[in-house]
Amino acid sequence: MPQLRLSKHLPCRPLGVSGRFPPYNRLGKEFAMRSDRCGELTAQDVGRRVRLAGWVHRLRDLGGITFVDLRDASGIVQVLFRDLDQAHQLSREDVVQVEGTVARREAPNPELPTGEVEVEAEGLRVLAQAAPLPFAVDDDVSGTGEETRLKYRFIDLRRPRMQRNLALRHRLCMSVRSFLDRQGFVEVETPVLTRSTPEGARDFLVPCRLVPGTFYALPQSPQLFKQILIASGVERYFQIVRCFRDEDLRADRQPEFTQLDLEMGFLDTPEPLFALLEELMAHVFREAAKIELPTPFPRLTYAEAMASYGSDKPDLRFGMKLVDVSDLFADAGFRVFARAIADGGRVCALCVPGGGDFSRGELNRVEEEAVALGAPGLSWLKRAEEITSPLAKFVGEGVLQGVVERTGAQEGDLVLLSAGPPAALNPAVGELRRRLAHERGLVDTGAWAPAWITDFPLFKAGEGGRLDSEHHPFTAPHEEDLPLLEEDPLRARAKCYDLVLNGVELASGSIRIHRRDVQQQILSLLGIDQEEAERRFGFFLRALEYGAPPHGGIAFGLDRWVMMLAGERTLREVIAFPKTAGGSCPLTGAPAPVDEAQLTELGLTVEGGASTNPDP
RNA sequence: GGGGACGUGGUCUAGGCUGGACAAGGACACCGGAUUGUCACUCCGGAGAUCGCGGGUUCGAAUCCCGUCGUCCCCGCCA
């Protein structure tokens, strides 16, 4: 039986031949086990003696001849075994080393990048055998339940699509780091074992053995640390950092997730930051995904976004703005609308291009949906050759004509009309806008539509008439709104901004308060008195007392960013080892009960005894 | 905390409404055999499931009911 002959010096392929990802600088020594990578062999290699190593992707045993698709990170190449008995013993996903000669194929496979060639094996060594697989390593993920994929994540991640996602994430991080490095940012690590930070979510707690009865909290974000770093003279800080929030999960929410966190000193308006971040975005899209993003990004104030799109994260890949037609209906004779206006509401029109084909039944369904979303009701008009509308019997034709003109409705379009208080009406119609656009195929799914949303309110109404921070308690108010803090705090605007991409909130930030007295005022408005403030974040307030420059920053949801670029539907597809919706990890079996001895050491007892959780 | 969907050999699923020849069918994977140009190789043969778990209804439950656990999606919650 032929054995693998290990040549002493098999020259490695020189640099620059391959354009495949990931290209990397090869040190000769690195290739002790292989001279080439599977996916990189081409017709130019015909006649070369090569040594490969990889996984047996697929086997075709024809008796006297056996084909093996050999796979490594670079791709797949067909290996041909002639009269090599060992080849019959191979199984899928065995790890093998093969030495042989590159030959031109009798029948090329156009489906495969390496399809013109194959490797005629002269020797084979099995490096590791694989047990029967729970699922195949191919890109059709649909044939496997997610729990099974997570339990055998080490197999799942071998799939090209998952490899691509991991690589995309890496490239995104690399391009972020290189860009920010060139802009003078310094990556500084902040503690994971820390105090509760005031983000408003539930904390993950870690019991402290040295002081029984006390707990560290895992950070919901490094917010206070990054501000302290600014006060510490780190003028430009960033960090790609894990954050933890103990809340229920969603397709786009994991209990631990990654932020690109950054902060700049000597910043009192967001303008320089916007310019920098737009360049960062454009750079990252170009480097990581070969997408050109035009800059500058459109900007909308929070008030504009709510009025025109009914959302603080509008999807700008399509139009369909909410159009105010209140004035047209104020005295038009339709009492329902007139009363809504008299009560301080508005009449809002939404043009659905091509919506003229909605049947009466569909319109009823849309109205039900609108009401379920919080709109008081819904009416409509259609522009065909004539304008038709149930409102025609209440208002003059001129009013409906006015609606058509203002919304720009073309022949064949539908205009939905609803009236009510803006706080309820706008989000309802905005959500309707989003749903109808998707249902009707009006969204350009290949487009990238970033936008800045600015000037959020500083506060929102909390439970029992309390004030809550819209962003967080360290957000600076607009100077001209400082008087409002006393008179009408809910009207005060914050120096606060979100970066929205295709209707998804990608990043959120603000100019921070850098004066101790203003900070104290905000905290007291939030119902946090001096004593509590001192107790919870006295360390931070102290930092503001010793010369903190004006500063501001932003934090990106990095997982979401990768998810969008990867075109994935859930965060789990872009995180190597994610949690299920129930917060568990099928791979490791976490969370799991711990030994009684560990609890004792920590001074903890578990009510009702530790729940038993069988090993996975 | 609430709502919805799902749970059947290793994997994915059919069957479930209308309980009875279902000691559960198929595909892929696996095992044995054949096979010298395949590429989702093919052909022949084989093994493998007390239908998530517990209880109930019934002469009889994969199927109906209740509970429970798990997975997924949504609301609440959460930047």
Side-chain angles (χ1 to χ4, degrees), chain A residues 57-70 76-84 87-88 91-93 103 105-112 114-115 118 120 130-152 155-156 197-203 220-221 223 243-255 257 259 261 312-313 372-373 453 456 460 463 468-472 475 496-500 504-510 554-557 559-560 569-570 572 579-584 586 589 611-614 616:
Chain A
H57 187 65
R58 217 166 248 132
L59 278 157
R60 291 178 293 282
D61 184 348
L62 275 63
I65 186 173
T66 298
F67 296 101
V68 167
D69 289 340
L70 191 66
I76 289 173
V77 70
Q78 174 166 287
V79 180
L80 167 60
F81 294 91
R82 274 204 174 86
D83 302 315
L84 196 57
H88 301 298
S91 305
R92 284 185 171 205
E93 296 306 302
R105 281 211 205 182
E106 285 179 19
N109 180 355
E111 304 286 306
L112 214 56
T114 61
E118 64 192 356
E120 284 200 45
L133 299 166
F135 50 85
V137 180
D138 58 38
D139 262 354
D140 185 12
V141 147
S142 62
T144 314
E146 238 194 297
E147 201 181 354
T148 309
R149 292 178 53 204
L150 291 181
K151 181 170 176 185
Y152 298 95
I155 300 172
D156 189 42
T197 44
E199 306 290 316
R202 198 176 293 115
D203 284 317
Q220 297 180 26
S221 80
Q223 181 61 35
C243 303
F244 306 86
R245 290 176 189 168
D246 188 7
E247 297 292 345
D248 288 0
L249 285 77
R250 286 283 194 288
D252 61 352
R253 264 165 34 193
Q254 284 271 310
F257 61 99
Q259 281 188 350
D261 191 42
D312 60 1
K313 43 178 194 288
L373 289 167
I453 311 298
F456 282 74
K460 62 190 170 201
E463 289 163 33
D468 283 339
S469 284
E470 174 72 31
H471 186 59
H472 58 57
T475 302
C496 179
Y497 33 85
D498 280 2
L499 177 55
V500 170
V504 174
E505 180 203 309
L506 189 62
S508 187
S510 62
I554 197 160
F556 287 73
D559 313 270
R560 272 186 200 175
R569 297 174 152 270
T570 86
R572 295 185 294 275
K579 305 283 188 286
T580 68
S584 68
S611 66
T612 47
N613 191 5

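Throughout, a chain's letter reflects where its sequence line sits, starting with A, and its residues are numbered from 1.
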Enquirer: Whole-Å distance between B:G10 P and A:K151 NZ?
Expert: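 To the nearest whole Å, that distance equals 10 Å.
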Enquirer: Please work out if A:S584 contacts a base, only the sugar-phosphate, or nothing of the nucleic acid, heavy-atom cut-off 4.0 Å.
Expert: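 The residue A:S584 makes sugar-phosphate contact but no base contact.
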Enquirer: At under 4.0 Å between heavy atoms, what does A:A107 touch on the DNA or RNA strands: base, sugar-phosphate, or nothing?
Expert: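 Here A:A107 touches the bases of the nucleic acid.
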Enquirer: Tell me which nucleotide, if any, is Watson-Crick or G-U wobble paired with B:G37 when both distances must be under 3.5 Å.
Expert: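 Looking at the geometry, B:G37 pairs with no nucleotide.
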Enquirer: Round to a whole Å and report the spacing from CZ of A:F244 to C1' of B:C78.
Expert: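 Taking CZ of A:F244 and C1' of B:C78, I get 16 Å after rounding.
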Enquirer: From B:G37, B:C30, B:C78, pick the nucleotide closest to the side chain of A:P132?
Expert: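 Closest of the options to the side chain of A:P132: B:C30.
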Enquirer: Kindly say whether, by distance alone, the side chain of A:R253 makes a donor-acceptor pair under 3.5 Å with the base of B:C77?
Expert: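 It does, because a donor-acceptor pair links the side chain of A:R253 to the base of B:C77 below 3.5 Å.
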Enquirer: With rounding to the nearest 0.5 Å, note down the distance linking CZ in A:R58 to CG in A:L70.
Expert: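 Atom-to-atom, A:R58:CZ and A:L70:CG are 13.5 Å apart.
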Enquirer: State which of B:C39, B:G70, B:U36 makes the closest approach to the side chain of A:E147.
Expert: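 Side chain of A:E147 sits closest to B:G70.
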Enquirer: Go through the N and O atoms of the side chain of A:R245 and the base of B:C78, and report whether any donor-acceptor pair is under 3.5 Å.
Expert: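 Check fails, no donor-acceptor contact within cut-off.
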Enquirer: Nearest to the side chain of A:F67 - B:G37, B:G70, B:C31?
Expert: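 Selected nucleotide: B:G37.
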Enquirer: Can a donor-acceptor pair under 3.5 Å be found between the side-chain atoms of A:R105 and the base atoms of B:C39?
Expert: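 Answer is yes: a donor-acceptor pair is held.
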Enquirer: Could you measure between the two C1' atoms, the one in B:U42 and the one in B:U50, and give it in whole Å?
Expert: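 So the two C1' atoms sit 36 Å from each other.
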Enquirer: Applying the Watson-Crick and G-U wobble criteria at under 3.5 Å, what pairs with B:C72? Answer none if nothing qualifies.
Expert: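 Pair assignment: B:C72 / B:G4.
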Enquirer: Donor-acceptor pair, A:Y497 side chain versus A:S510 backbone, under 3.5 Å?
Expert: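 Flag set: sc A:Y497 to bb A:S510 pair under 3.5 Å.
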Enquirer: Can you tell me how far apart CG (A:D61) and NE2 (A:H88) are? Round to the nearest 0.5 Å.
Expert: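 Output value for this atom pair is 5.0 Å.
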Enquirer: Would you say B:U11 has OP1 or OP2 under 4.0 Å from some side-chain N or O of A:T144?
Expert: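 No.
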Enquirer: Using only modelled atom types and a 3.5 angstrom limit, is any donor from either the side chain of A:E111 or the base of B:A40 paired with an acceptor on the other?
Expert: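 Flag unset: no donor-acceptor pair detected.
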Enquirer: Of A:G200 and A:P134, whose nearest nucleotide on RNA chain B comes first from the 5' end?
Expert: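 Final value for this comparison: A:P134.
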Enquirer: Considering only atom P, compute the distance from B:C53 to B:U8 and round it to an integer number of Å.
Expert: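 Looking at atom P only, B:C53 and B:U8 are 10 Å apart.
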Enquirer: Would you find a donor on one side and an acceptor on the other, under 3.5 Å apart, between the side chain of A:S221 and the backbone of A:C243?
Expert: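 No.
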Enquirer: Rounding to the closest angstrom, what is the interatomic distance between B:G48 and B:G10 at atom C1'?
Expert: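 Comparing C1' positions in B:G48 and B:G10 gives a spacing of 9 Å.
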Enquirer: Short question: side chain of A:N109, backbone of A:E111 - any donor-acceptor pair under 3.5 Å?
Expert: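 Yes, because the side chain of A:N109 sits within donor-acceptor range (under 3.5 Å) of the backbone of A:E111.
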Enquirer: If we take the P atom in both B:A5 and B:C65, what is their distance in whole Å?
Expert: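 12 Å, rounded to whole Å.
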Enquirer: On a whole-Å scale, what distance lies between the C1' atoms belonging to B:G2 and B:C17?
Expert: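 Each nucleotide's C1' atom is 27 Å from the other's.
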Enquirer: Return the 5'-most residue of the pair A:A507, A:A581 with respect to RNA chain B, ranking by each residue's nearest nucleotide.
Expert: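 On the 5' side of the pair lies A:A581.
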Enquirer: Pick the P atom in B:C72 and in B:G20, then give their distance to the nearest Å.
Expert: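 Looking at atom P only, B:C72 and B:G20 are 33 Å apart.
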Enquirer: What interatomic distance, in whole Å, is found between P of B:C51 and the corresponding atom of B:A61?
Expert: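 11 Å, rounded to whole Å.
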Enquirer: From B:G37, B:A79, B:C30, pick the nucleotide closest to the side chain of A:Q78?
Expert: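 Ranking B:G37, B:A79, B:C30 by closest atom to the A:Q78 side chain puts B:G37 first.
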Enquirer: Across all strands, who's sitting opposite B:G54 as a Watson-Crick or G-U wobble pair, both distances under 3.5 Å?
Expert: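 WC or wobble partner is B:C66.
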Enquirer: Just call it for A:L112: base, sugar-phosphate, or nothing, with non-hydrogen atoms closer than 4.0 Å on any strand.
Expert: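 Counting heavy atoms under 4.0 Å across all strands, no contact is made by A:L112.
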Enquirer: Expressed in angstrom and rounded to an integer, what is the separation of A:I65 atom CD1 from B:U42 atom P?
Expert: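 Going from CD1 in A:I65 over to P in B:U42 covers 17 Å.
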Enquirer: Under the 5.5 Å and 30° test, is A:F135 stacked on the base of B:U11?
Expert: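 Ring-base stacking flag not set for A:F135 and B:U11.
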Enquirer: How long is the line joining CG of A:D61 and C1' of B:C43, in whole Å?
Expert: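 Taking CG of A:D61 and C1' of B:C43, I get 13 Å after rounding.
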Enquirer: State whether A:R60 places a side-chain N or O below 4.0 Å from either non-bridging phosphate oxygen (OP1 or OP2) of B:U38.
Expert: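 No, because none of the side-chain N or O atoms of A:R60 sits under 4.0 Å from OP1 or OP2 of B:U38.
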Enquirer: Name the nucleic acid region contacted by A:R572, choosing base, sugar-phosphate or nothing; use a 4.0 angstrom heavy-atom cut-off, strictly under.
Expert: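 Result for A:R572 = sugar-phosphate.
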Enquirer: Roughly how many Å apart are B:C73 and B:A62, using the P atom of each and rounding to a whole number?
Expert: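 Nearest-Å result for B:A62 against B:C73 at atom P: 31 Å.
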Enquirer: So, is A:R250 near the phosphate of B:C75, with a side-chain N or O under 4.0 Å from OP1 or OP2?
Expert: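 Yes, within the criterion.
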Enquirer: A:T570 side chain: which of B:A79, B:C78, B:C73 is closest?
Expert: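 Side chain of A:T570 sits closest to B:C73.
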Enquirer: Tell me, do A:E106 and A:E118 make a side-chain contact under 4.5 Å, heavy atoms counted?
Expert: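 They are not in side-chain contact.
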Enquirer: Salt-bridged, A:R149 to A:D156, with N to O below 4.0 Å?
Expert: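 Salt bridge between A:R149 and A:D156, a charged N being under 4.0 Å from a carboxylate O: yes.
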Enquirer: For A:H472, which contact category applies under a 4.0 Å heavy-atom criterion: base, sugar-phosphate, or nothing?
Expert: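 A:H472: no heavy atom of the nucleic acid under 4.0 Å.
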Enquirer: May I have the distance from A:L150 (atom CG) to B:G70 (atom C1'), rounded to whole angstrom?
Expert: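 It works out to 13 Å between those atoms.
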Enquirer: Determine the contact category for A:G115: base if any of its heavy atoms lies under 4.0 Å from a base atom, sugar-phosphate if only primed atoms, P, OP1 or OP2 are that close, otherwise nothing.
Expert: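 Nothing: the residue A:G115, judged by heavy atoms under 4.0 Å, touches no strand.
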Enquirer: Keeping A:Q220 on the side-chain end and A:A201 on the backbone end, is there a donor-acceptor pair under 3.5 Å?
Expert: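 A pair under 3.5 Å: yes.
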Enquirer: For A:G145, report the nucleic acid contact type (base, sugar-phosphate, nothing); a contact means any heavy atom under 4.0 Å.
Expert: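 Counting heavy atoms under 4.0 Å across all strands, the contact made by A:G145 is with sugar-phosphate only.
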Enquirer: Charged N to carboxylate O below 4.0 Å: is that the case for A:E247 and A:R253?
Expert: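 Result for this pair is no, no salt bridge flagged.
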Enquirer: Check every strand shown and say whether A:A131 touches a base, only sugar-phosphate, or nothing at a heavy-atom separation below 4.0 Å.
Expert: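 Nothing, no nucleic acid heavy atom in range.
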Enquirer: For the side chain of A:S508, starting at C-beta, report the closest nucleotide among B:C39, B:A79, B:C75.
Expert: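 Shortest atom-to-atom distance from the side chain points to B:A79.
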Enquirer: Given that both distances must come in under 3.5 Å, which nucleotide forms a Watson-Crick or G-U wobble pair with B:C22?
Expert: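 Partner of B:C22: none found under 3.5 Å.
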Enquirer: Both distances below 3.5 Å, Watson-Crick or wobble geometry, any strand: find the nucleotide opposite B:A29.
Expert: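 B:A29 is unpaired by these criteria.
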Enquirer: Please check if atom NZ in A:K579 has more than 12 non-hydrogen atoms from other residues, nucleotides or ligands closer than 6.0 Å.
Expert: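 More than 12 within 6.0 Å, yes.
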Enquirer: Between atom CZ in A:R92 and atom C1' in B:A29, what is the gap in whole Å?
Expert: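 Taking atom C1' of B:A29 as the reference, CZ of A:R92 is at 7 Å.
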Enquirer: Between B:A29 atom P and A:R58 atom CZ, what is the distance in whole Å?
Expert: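 My rounded result for the distance is 9 Å.
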Enquirer: Base, sugar-phosphate, or nothing: which does A:D246 touch, judged by heavy atoms less than 4.0 Å apart?
Expert: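 The residue A:D246 makes no contact with any strand.
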Enquirer: At under 4.0 Å between heavy atoms, what does A:E93 touch on the DNA or RNA strands: base, sugar-phosphate, or nothing?
Expert: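 No contact at all - A:E93 keeps every heavy atom at 4.0 Å or more from the nucleic acid.
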Enquirer: Can you find an N or O donor on one side and an acceptor on the other, under 3.5 Å apart, linking the side chain of A:E118 with the base of B:G37?
Expert: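 Such a pair is found, so the answer is yes.
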Enquirer: Has the side chain of A:D248 got a donor or acceptor atom sitting under 3.5 Å from an opposite partner on the base of B:C78?
Expert: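 No such pair is found, so the answer is no.
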Enquirer: Students often get this wrong, so: under 4.0 angstrom with heavy atoms, is A:E505 touching a base, only sugar-phosphate, or nothing?
Expert: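 Touches a base.
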Enquirer: Between A:L59 (CG) and B:U42 (P), how many Å, whole number?
Expert: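 Taking CG of A:L59 and P of B:U42, I get 13 Å after rounding.
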